[in-house]
Amino acid sequence: MNNINQILFPYVVQAVSKTFSVELTEQSIQFQDTRKEFEGDTTLVVFPITKFVKQGPEQLGNAIGDYLVQHCSVVKEYNVVKGFLNLVIEDTYWLDAFQTMLKVQHWGREEENSRPRIMVEYSSPNTNKPLHLGHLRNNFLGYSVAEILKAAGHKVTKVQIINDRGIHICKSMYAWQASGKNDTPESTGLKGDKLVGQYYVAFDQQYKAEIAELIQNGMTKEEAESNAPSMLAAQDMLRKWEDGDEAVTKLWKMMNQWVYAGFDVTYRNMGVDFDKLYFESETYLKGKEEVEKGLSKGVFFKKDDGSTWIDLTNEGLDEKAVLRKDGTAMYITQDIGTAILRFEDFPDTAAQIYTVGNEQEYHFKVLFKILSKLGWSQSDACHHLSYGMVELPEGKMKSREGTVVDADDLMDSMKDESKLMAEEQGKLDGLTTEEKDLTYHKIGMAALKYFLLRVDPKKNMMFNPQESIDFNGNTGPFIQYGYVRTQAILRKANWNKGGDMVLNGEVKMGGEERNLIKLLFAYPQFLSEAVKKYDPSVMAAFAYELTKAFNVFYQHCNILREENVDIKTFRLNLTSLTGQCIQSSMSLLGIQMPEKM
RNA sequence: GGCUCCGUAGUUCAAUGGAUAGAAUAAGCGUUUCCUAAACGUUUGAUAUGGGUUCGAUUCCCGUCGGAGCUACCA
């Protein structure tokens, strides 16, 4: 409910109480924004009230409207269409609201650190494969939700779990060693993650070939899969790694370094960062400990074969294994360890948000239940920020079929495209090469980030490499362009931010200005909805609506050419605040604004 | 088999149970002697299907059809 509706609420209650002697419940008073084809700023839906008052909707609407115009000073006039009471609010109300917004330091945002700490986990890629399109959605989402929570006043810690342990790492290590080539990122000129990824693929190919051969020699598929020499060698490596074998550990460290160095480049390009990293190689033992503790408390139980389980059948879930019969840790074991370690590292953490694909919804249900049974009450507030897949026209991305869209390549091509377009327009003449380059980057990333974030996170989305990313319409660059316009005007006016706002009552607002003020005033409502739903697309929609409203205003109202000084000042202030809010809301999506484009 | 999610213009996305289902793009037409036309205006075009609840259903419930995912001592 926005501010104006909060003001109106008691008057509506009064109106019904005084005219009909009926006390309304809170639920029966429903406001919504007035549709633009009708006159008004806000609309009371009358239907729910007809249940309490025996009157036709139109009659009732008129009665309430009359009362509001007489008793509530902000209501200027009203009209009733069917069961909808459209209320026109006085201009002075909006002008006052505008003044209030100008006085606030960062309009729309809450005071920093005024709300409890929330930990946001995102990214957490497999170290064997370079980052791809799906990771981009993950990273942009996680980063954006963290920024949104911050803007809403939360302390935020951005974390990532590095999956640097397990058989998959050993596969690449084995393949690298077996090739005997001693390739390094330096010797090949490849990014470290790309190089290691190649060896992971090489392993897979060799493994497949071995299986085929073994099957031909009479083995069943299952036998072949577990007896292929390369797999045996990788498993042997894993054992050695767990025993702390020096040579294996050294190789593991070296190859992990390569991957991280490669990822760092990609992260910098993406514009995301982390406050703290957790390494699976360091937390899985913690997980085992916590499971042992839970076992003695009776949270878990052992089966005859020695494996450890939890029974969640009473919670509507299944039994779930948490330790193998040989006592080794599983995926969920290390997640338990990591979660608890984080609660211990940051005792003021109210909740953890996990940005992980929706195929793991079951996993997180189980994890949160386990944490709760282990006595971590914060787990009730924990949230799996589940997002849908990014699909290609040919279906799912499959590395085997070469349909993986590489994150680095995609970001580069976005930048190239924005460069092409900018050069065609020639509006960046006069900037240095570095400035131009930065601008291309900002525009390309805006197109990509906005494309991935404007969609409801939980839904699968379609990405067509050839057609999807646009620079016109409902896109990042469109919004950037709106911002650039605001800045161009302010530059020409020699506008100092926070310059004196001299508004006298004579200022007559047009519909364009009014709409802009209404939207700006709604910023906090959009933000709180984005927080509630952990949904950046809410902010994307806000930035887009705001930019559209500004463009209409720009098209229809003179700003610099306005002769009346009061109106000109008013419009410059409006331009300034709009620019500020566009920048602010887009920064919540991790999108930066260029000064020119 | 069981469970979860999804199905909206040609296409990509919107819509706390509310008004004539919004945008963008594509296609057509128009706007620049004037603050950046990556803009603005305008025309055409959609709720998979059958029931139910409701004053009112894209939204909630049930069935059918279609798509995705989960249901590992994998991660």
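Note that the coordinates shown come from a computational prediction; the quantities given were computed from them, not determined experimentally. In what follows, chains carry the letters A, B, and so on, assigned in the order in which the sequence lines appear, proteins first and then strands, with residues in each chain numbered from 1.
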K.L.:
Does A/Tyr481 place a side-chain N or O at less than 4.0 Å from the phosphate oxygens OP1/OP2 of B/A38?
P.N.:
yes
K.L.:
For a quick check under 3.5 Å, do A/Asp33 and A/Thr43 share a side-chain donor-acceptor pair by atom type?
P.N.:
no
K.L.:
Indicate whether the side chain of A/Asn138 and that of A/Tyr387 have a donor and an acceptor atom separated by less than 3.5 Å.
P.N.:
yes
K.L.:
Map every base of RNA chain B to its dot-bracket character, where paired means a Watson-Crick or G-U wobble contact with both distances under 3.5 Å and | marks a partner outside the strand.
P.N.:
(((((((..((((....[...)))).(((((.......)))))....(((((..]....))))))))))))....
K.L.:
Looking at A/Trp309, does the NZ or CZ of A/Lys303 lie under 6.0 angstrom from its six-membered ring centre and within 45 degrees of the ring axis?
P.N.:
yes
K.L.:
Just N and O in the side chain of A/Lys459: are any of them under 4.0 Å from OP1 or OP2 of B/A14?
P.N.:
yes
K.L.:
Mark yes or no for a side-chain to base donor-acceptor pair under 3.5 Å between A/Thr43 and B/A19, with no hydrogen or angle criteria applied.
P.N.:
yes
K.L.:
Can you check whether A/Arg485 has a side-chain N or O nearer than 4.0 Å to OP1 or OP2 of B/A37?
P.N.:
yes
K.L.:
Classify the ring geometry between A/Phe84 and A/Phe47 as parallel (under 30°), tilted (30 to 60°) or perpendicular (over 60°).
P.N.:
perpendicular
K.L.:
Rounding to an integer number of Å, can you tell me how far A/Glu359 CD sits from B/A75 P?
P.N.:
15 Å
K.L.:
Can you pull out the residues from residues 541-549 of chain A that lie within a 4.0 Å heavy-atom distance of RNA chain B?
P.N.:
A/Tyr544, A/Lys548
K.L.:
Taking atom types as modelled, find out whether A/Asn86 and A/Asn79 have a side-chain donor-acceptor pair closer than 3.5 angstrom.
P.N.:
yes
K.L.:
Hey, which sits more toward the 5' end of RNA chain B by its nearest nucleotide, A/Glu37 or A/Arg165?
P.N.:
A/Glu37
K.L.:
Whole Å only: how far is the CG atom of A/Asp318 from the P atom of B/U4?
P.N.:
13 Å
K.L.:
How far apart are the closest heavy atoms of A/Leu516 and A/Phe550, and which atoms are they?
P.N.:
CD1-N, 3.8 Å
K.L.:
Is the side chain of A/Ser468 donor-acceptor paired with the backbone N or O of A/Asn464 at a distance under 3.5 Å, no angle test?
P.N.:
yes
K.L.:
Side-chain N or O of A/Tyr554 versus OP1/OP2 of B/A37: is the shortest distance under 4.0 Å?
P.N.:
yes
K.L.:
Take atom OH of A/Tyr483 and atom C1' of B/A39, then tell me their distance rounded to the nearest Å.
P.N.:
18 Å
K.L.:
Does the side chain of A/Asp335 come under 3.5 Å of the side chain of A/His363 through a donor N or O and an acceptor N or O?
P.N.:
yes
K.L.:
Please work out which of the three classes, parallel, tilted or perpendicular, describes the rings of A/Tyr174 and A/Phe203, given edges at 30° and 60°.
P.N.:
perpendicular
K.L.:
Taking O4'-C1'-N9-C4 for purines and O4'-C1'-N1-C2 for pyrimidines, is B/U32 syn (within 90° of 0) or anti?
P.N.:
syn
K.L.:
For A/Arg454 and A/Ala422, take the nucleotide of RNA chain B holding the closest heavy atom to each; which residue's nucleotide lies nearer the 5' end?
P.N.:
A/Arg454
K.L.:
Of all of residues 389-397 of chain A, which get a heavy atom below 4.0 angstrom from RNA chain B, listed by number?
P.N.:
A/Met389, A/Lys396
K.L.:
Does B/A39 have OP1 or OP2 under 4.0 Å away from a side-chain N or O of A/Asn472?
P.N.:
yes
K.L.:
Is A/Lys492 near enough to B/U36 that one of its side-chain N or O atoms lies under 4.0 angstrom from OP1 or OP2?
P.N.:
yes
K.L.:
For B/U36, take OP1 and OP2 only and decide whether either is under 4.0 Å from a side-chain N or O of A/Arg491.
P.N.:
no
K.L.:
How far, in whole Å, is B/G1 from B/A21 if one measures between their C1' atoms?
P.N.:
38 Å
K.L.:
With C1' as the reference atom in both, quote the distance from B/G22 to B/A46 in angstrom, rounded to an integer.
P.N.:
12 Å
K.L.:
Can a cation-pi geometry be assigned to A/Arg165 and A/Tyr284, taking NZ or CZ under 6.0 Å from the six-membered ring centre and within 45° of the ring axis?
P.N.:
yes
K.L.:
Would you please name every residue forming a salt bridge (charged side-chain N to carboxylate O under 4.0 Å, His left out) with A/Glu513, sequence neighbours left out?
P.N.:
A/Arg571
K.L.:
Taking atom P in both B/U58 and B/G18, compute the distance separating them and give it to the nearest angstrom.
P.N.:
10 Å
K.L.:
Taking donor-acceptor contacts at under 3.5 Å, does the side chain of A/Gln32 reach the base of B/A19?
P.N.:
yes
K.L.:
Test of understanding: with side chain to side chain contact (heavy atoms under 4.5 Å, CB included), list the residues that count as partners of A/Arg491, not counting sequence neighbours.
P.N.:
A/Gln487, A/Ala488, A/Glu595, A/Lys596
K.L.:
When you compare B/U49 with B/U8, how far apart are their C1' atoms, in angstrom units rounded to a whole number?
P.N.:
14 Å
K.L.:
Please enumerate all residues that pass salt bridge (charged side-chain N to carboxylate O under 4.0 Å, His left out) together with A/Glu423, with sequence neighbours excluded.
P.N.:
none
K.L.:
How far, in whole Å, is B/G50 from B/G66 if one measures between their C1' atoms?
P.N.:
15 Å
K.L.:
Any side-chain N or O of A/Lys36 below 4.0 angstrom from OP1/OP2 of B/A23?
P.N.:
yes
